[in-house]
Asker: 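Once you've had a glance at the structure underneath, I'll fire off some questions.
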Amino acid sequence: MAVSSIANLFSFFTPSKLPSLQFSLSSSRPNQKGFPPISVSTSDSDVTSVVCPSLAYANTLYFRSAYNVQVIVDDNEHEERLIGRFRREVMRAGIIQECKRRRYFENSQDEKKRRTRDAAKRNRKRRGPPPSRNFGQDKAETTKSKRDDDDEDNWELPDGEVATINDMEGQHNNEEERDTESSYSLHQPLLKRNRTLSSTSQAIVGAKVSHIESLDYEINENDIFKHDWRRRSRAQTLQYVFFKWTLAFLVGLLTGGVATLIGLSIENISGYKLRAVVNYIDDKRYLTGFAFFAGANFLLTLVAAFLTVYFAPTAAGPGVPEIKAYLNGVDTPNMFGATTLFVKIIGSIGAVSAGLDLGKEGPLIHIGTCIASLLGQGGPDNYRFSWHWLRYFYNDRDKRDLITYGSSSGVCAAFRAPIGGVLFALEEVATWWRSTLLWRTFFSTAVVVVVLRAFIEYCKSGSCGLFGKGGLIMFDVSDVIVRYHVVDIIPVAIIGVIGGLLGSLYNHVLHKVLRLYNLINEKGKLHKLLLALSVSLFTSICTYGLPFLAKCKPCDSSLSVSCPGTGETGNFKQFNCPNGYYNDLATLLLTTNEDAVRNIFSLNTATEFQVTSLLTFFVLYCILGVITFGIAVPSGLFLPIILMGSGYGRLLGIAMRPYTKIDQGLYAVLGAASLMAGSMRMTVSVCVIFLELTNNLLLLPITMLVLLISKTVGDCFNPSIYDIILELKGLPFLEANPEPWMRNITVGELADVKPPVVTLQGIERVRRIVEVLRNTTHNGFPVVDGAIPELHGLVLRTHLLLVLKKKWFLNERRRTEDWEVEEKFTWIDLAERWGKIEDTAVTKDEMEMYIDLHPLINTTSHTVVESMSIAKVLVAFRQVGLRHMIIVPKYQATGVFPVVGILTRQDLRACNILNVFPHLAKSKSSKKGH
């Protein structure tokens, strides 16, 4: 574009309200110091450079450093469009400048600051700066020699004076050193910019580093959706609701069936393995017994770890943090696929059967969500059913509901606790909840219980091997009548305090171990395998060898059960003891984890376990619980925490035996509940789960007290274990409660440290859309159109890709008719995702054609005024389940651009904000709790 064609704009920048400016061209980004590159000289006599506005002091009130408002000039851009953009940017900067100036002078009451400002103003008048430099800038002593030395960084002011970049930066640094946060008035700037707001789009999903994106939980109310919604009949609406209930039923049915399969496999593999070991011990063939025991565990761990490492890294761990992040609005790729489901089932069977200190509860939650996801999308990615009604559930909103059904069904299948499963989904994993979701979730868990009960009743006849003998209640303690008095509150409170302290300590140590394991796992797949096999070998040595150190105890003749016990399960195992004696430590260690819980929860066994055996059991499982979680196998946290907590609970019961009438088995139950609340920070769901596990409603009052104390104590030290894992994996989870310092910063100030927002017009060239998609990674673009710019709404990246793939192009710049849109698109098409721009081919001739974006624009996109605090925006963003939130200016006027910026979840994370404004972290401790 010729320079002379833009010279007419010069008069626009010389009114009395704005300083006269010299214009410069910037064909690239600003340099590292935030200033434009050297101007490009031209032969025009009136304008020395191609026009680009320079309002160097437009926002100095907030940033205390000069910067340029720039318009990037495209050689192929139409002249009228460039002039329009040019005018909007300058007018917006000028109005912002005037508004900030008025607010500052009207509300500033600090006399010391006023005197400093007036003195700086007088000094600047002597030097002749532009009027806009008076706001928020103190005097900087600059010598003539210094200005001469820095000519390469100079830029000209209207009066001919030159201010250097180093001068402005030195002034900025000196002011930061003098000012403290406490000296700011209410209307003075709180921001001290450190760098540009940025974030990473990668996180660890399972054991694999993946590219992550946010999910679109918001209903996209564009013209296509509105037309489809108006045409829906009542029969179609009822059909949609019926299919949702049908999917809820299928989720419960399949989750219950898979849970039965896993339980049957684990009980039989572990049972026959332990039966063979007991036979070797009875024959005094101890080394052969150990070789068989360690070898079987080694092979089972090898199968689980090999499948996880080489086929489905996302199957490692419990999967609960990733589910929690997904329901919060974070896409976790490959987390709910068919391969992950298969490896999770086989891996959890192998890992739990190998005797590792982990449970199947976390994997069952993940399995339930995988089943729900696959049902919603019609099967695996490569073999989907193309039934028309399934396409209703391809959107993120309905898939979120299905994942919630699956998570609650998994908890129900793990603990046989339907109410506890619903409350777990509500309290721990779900971010968004409503009454209809509650009903369908409860329906899914009811189906799971029915399936489990049917299989257990069938297997009681012995048709399923060793499975089904435990009944529907896993750890039944209903045989004892609970009696407690006021004095019992003291040991109950002590259990709660210990649970909170040990839970927070466990979280802290596990955090360090997971960081160490991450360094080991980065070395390659072989190191992951070796780590898992090493933990398996160590576990086998401890669980087989430590019972030999315990003393044999004589059997009590008054016991109603056989002593010593025979077989691989039950109390009073003989192990290496003579007839009439039993080994109490072998009863706890040389068994499955679920049987160990039943044994330590057993009632009316006050003298069964020695203190040394319980102490050995507790210390061992504390060590195993720390080193086992984090290896590359499917693993759960619930059962290891229950084992640790029951150990110290039983020890406290022995210590309080002379002073209380509460059974020691009930102390073990309370200890397990307290440690779970101290580590996981759940109260209501854990309380109900333990009531359903133990089948004793009389425990409710003291269980509630223990849980409340444990959670309160644990919250004083660190977050819950799942929140720690979320942070380690880098998943951008939005917390429910904003930080107190977030009320000191507005979204407008946050938008100023972000890259400029990319907007589109209602009718755009194909070339422009392709360039935007190739050069940015944004997933939403505000649409601004009209002679007087107006915000029309938001268009999504996936919708632009859909248009490009279907080649819905126009030969001329015009609006499309309704029939043209309905012929090409449906609302279901817009709910799907359409790949990447690299997979889309557009010819050179198509580049010059047009696309009408109006039918695709979400005209009801959520907006927020730039003066609103981050704390308020965070709450709204999280509760509504948004992916984008457009920032609009506080003052609407002619010439003010209608979009200030756009917010995503990464912009609202506390860690990202503190990276840009580190001084806000200084007030975190002082303002905590305000």
Side-chain angles (χ1 to χ4, degrees), residues 197-201 211-226 328-331 395-397 400 732 734 747-748 750-751 754-764 768-785 789-805 825 827 829-837 840 851-866 868 873-874 876-889 897-909 912:
L197 182 65
S198 61
S199 59
T200 179
S201 59
H211 176 79
I212 58 170
E213 294 182 0
S214 297
L215 297 168
D216 292 309
Y217 287 155
E218 180 190 10
I219 296 178
N220 200 310
E221 294 184 347
N222 50 34
D223 291 344
I224 300 175
F225 171 81
K226 292 175 182 177
N328 190 255
V330 181
D331 189 15
N395 62 86
D396 294 334
R397 190 181 181 89
R400 173 185 61 184
L734 292 183
V747 291
L750 196 62
K754 291 190 62 179
V757 62
V758 179
T759 61
L760 298 174
Q761 293 185 348
I763 301 176
E764 277 284 6
R768 164 71 174 164
I769 293 177
V770 172
E771 289 177 352
V772 167
L773 294 179
R774 286 178 178 173
N775 297 328
T776 67
T777 58
H778 309 321
N779 288 282
F781 303 93
V783 178
V784 179
D785 209 355
E790 294 181 354
L791 175 63
H792 286 219
L794 189 77
V795 62
L796 298 180
R797 184 186 191 92
T798 181
H799 295 170
L800 297 177
L801 291 170
L802 171 63
V803 171
L804 294 177
K805 284 182 178 294
F825 302 104
W827 176 74
D829 293 331
L830 300 184
E832 299 184 22
R833 298 189 178 183
W834 293 91
K836 300 179 180 179
I837 184 60
T840 305
I851 296 177
D852 181 17
L853 299 179
H854 290 92
L856 305 173
I857 298 173
N858 180 11
T859 55
T860 60
S861 57
H862 291 263
T863 60
V864 58
V865 68
E866 62 179 337
M868 187 177 292
V873 172
L874 175 60
F877 193 98
R878 186 181 187 273
Q879 289 183 349
V880 181
L882 300 179
R883 184 174 185 176
H884 307 98
M885 183 176 280
I886 301 175
I887 308 172
V888 297
F897 197 65
V899 177
V900 176
I902 188 168
L903 289 176
T904 63
R905 75 171 40 247
Q906 292 282 7
D907 303 327
L908 298 176
R909 296 189 68 201
N912 292 337

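Quick note: residue numbers are just sequence positions, from 1.
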Asker: Search all heavy atoms of V330 against all heavy atoms of P732 and return the closest pair with its distance.
Answerer: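 So the two residues come closest at CG2-O, 3.5 Å.
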
Asker: Could you grab the distance from atom CG of L734 to atom CG of N328, nearest 0.5 Å is fine?
Answerer: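 The distance works out to 5.0 Å.
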
Asker: Within a reach of under 6.0 Å around NZ of K805, are more than 12 heavy atoms found that belong to other residues, nucleotides or ligands?
Answerer: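 More than 12 heavy atoms, drawn from other residues, nucleotides or ligands, come within 6.0 Å of this atom.
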
Asker: How far does OG1 of T798 sit from CG of L800, to the nearest 0.5 angstrom?
Answerer: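 Reported to 0.5 Å precision, the distance equals 8.5 Å.
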
Asker: So do the side chains of I851 and L804 get within less than 4.5 Å of each other, counting heavy atoms only?
Answerer: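 A side-chain contact exists here, since the closest heavy-atom pair is under 4.5 Å.
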
Asker: Just how far is it from atom CG of L874 to atom CE of M868, taken to the nearest 0.5 Å?
Answerer: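 Here the rounded value is 12.5 Å.
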
Asker: Please walk me through it: do D331 and L215 pass side-chain contact (heavy atoms from CB on, under 4.5 Å)?
Answerer: CA-CA 6 Å; D331 189 15; L215 297 168; 3.6 Å; yes

Asker: Looking at side-chain heavy atoms only, is the closest gap between H799 and N220 below 4.5 Å?
Answerer: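 SC-SC contact between H799 and N220 confirmed.
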
Asker: Using side-chain heavy atoms (C-beta onward) and a distance below 4.5 Å, is L853 in contact with I769?
Answerer: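 They are in contact (side-chain heavy atoms under 4.5 Å apart), so the answer is yes.
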
Asker: Test of understanding: with side chain to side chain donor-acceptor pair (under 3.5 Å), list the residues that count as partners of T904, not counting sequence neighbours.
Answerer: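 Checked T904 against side chain to side chain donor-acceptor pair (under 3.5 Å); matches are D907.
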
Asker: For side-chain contact (heavy atoms from CB on, under 4.5 Å), just list the numbers for D785 and H854, CA-CA rounded to whole Å, side-chain angles, deciding distance to a tenth of an Å, and then say yes or no.
Answerer: CA-CA 10 Å; D785 209 355; H854 290 92; 3.9 Å; yes

Asker: In a check of side chain to side chain donor-acceptor pair (under 3.5 Å) between T859 and each of K226, H792, E221, which one passes?
Answerer: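 Testing T859 for a side chain to side chain donor-acceptor pair (under 3.5 Å) against K226, H792, E221 leaves exactly one candidate, K226.
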
Asker: So L773 and F781, do their side chains get closer than 4.5 Å, heavy atoms only?
Answerer: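 A side-chain contact under 4.5 Å exists here.
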
Asker: Among R883, R400, R397, find the one that has a salt bridge (Lys or Arg N to Asp or Glu O under 4.0 Å) with D216.
Answerer: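 Among R883, R400, R397, the one meeting salt bridge (Lys or Arg N to Asp or Glu O under 4.0 Å) with D216 is R883.
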
Asker: Taking all heavy atoms of Q761 and all of V783, pick out the closest pair and write down the distance.
Answerer: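 Closest approach of Q761 to V783: C-CG1, 3.8 Å.
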
Asker: With rounding to the nearest 0.5 angstrom, report the CD1 to CG distance, I902 to L794.
Answerer: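 Rounded to the nearest 0.5 Å, the CD1-CG separation comes to 5.0 Å.
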
Asker: List the residues meeting side chain to side chain donor-acceptor pair (under 3.5 Å) with S214, not counting sequence neighbours, and say none if there are none.
Answerer: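 By the side chain to side chain donor-acceptor pair (under 3.5 Å) rule, S214 matches R905.
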
Asker: What's the shortest heavy-atom distance between G780 and P782, and which atoms?
Answerer: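 For G780 and P782, the tightest heavy-atom pair comes out as O-CD, 4.2 Å.
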
Asker: For T776, what residues pass the side chain to side chain donor-acceptor pair (under 3.5 Å) criterion, not counting sequence neighbours?
Answerer: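 Counting only residues at least two positions away or on another chain, T776 forms no side chain to side chain donor-acceptor pair (under 3.5 Å).
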
Asker: For I857 and N222, what are the C-alpha separation, side-chain angles and deciding distance, and is it a side-chain contact (heavy atoms from CB on, under 4.5 Å)?
Answerer: CA-CA 5 Å; I857 298 173; N222 50 34; 5.7 Å; no

Asker: Taking the side chain as every heavy atom from C-beta outward, state whether I837 and R797 have any pair of such atoms under 4.5 Å apart.
Answerer: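 Yes. Closest side-chain heavy atoms under 4.5 Å.
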
Asker: Between OH of Y217 and CG of N395, what distance do you get to the nearest 0.5 Å?
Answerer: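 Interatomic distance, Y217 OH to N395 CG, rounded to 0.5 Å: 10.5 Å.
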
Asker: Give the C-alpha distance, both sets of side-chain angles, the deciding distance and a yes or no for side-chain contact (heavy atoms from CB on, under 4.5 Å) between N858 and L796.
Answerer: CA-CA 8 Å; N858 180 11; L796 298 180; over 6 Å; no

Asker: Which heavy atom of G793 sits nearest to which heavy atom of I886, and what is that distance?
Answerer: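 Scanning both residues, the minimum pair turns out to be O-CD1, 4.2 Å.
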
Asker: Of the options V865, I887, V747, L750, which is the one that meets V873 in a side-chain contact (heavy atoms from CB on, under 4.5 Å)?
Answerer: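 With V873 as partner, V865, I887, V747, L750 yield a single side-chain contact (heavy atoms from CB on, under 4.5 Å), made by V747.
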
Asker: Using every non-hydrogen atom in the two residues, find where V899 and P889 come nearest and quote the distance to one decimal.
Answerer: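 V899 and P889 have their closest heavy atoms at N-CD, 4.3 Å.
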
Asker: Measure the shortest side-chain to side-chain distance between V880 and E218 over non-hydrogen atoms and say whether it is less than 4.5 angstrom.
Answerer: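 They are not in side-chain contact.
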
Asker: How close do P898 and V784 get, counting heavy atoms only, and between which atoms?
Answerer: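 That would be CG-CG1, 3.7 Å.
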
Asker: How many angstroms lie between atom NE2 of H862 and atom CG of L882, to the nearest 0.5 angstrom?
Answerer: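 Result: 5.0 Å between the selected atoms.
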
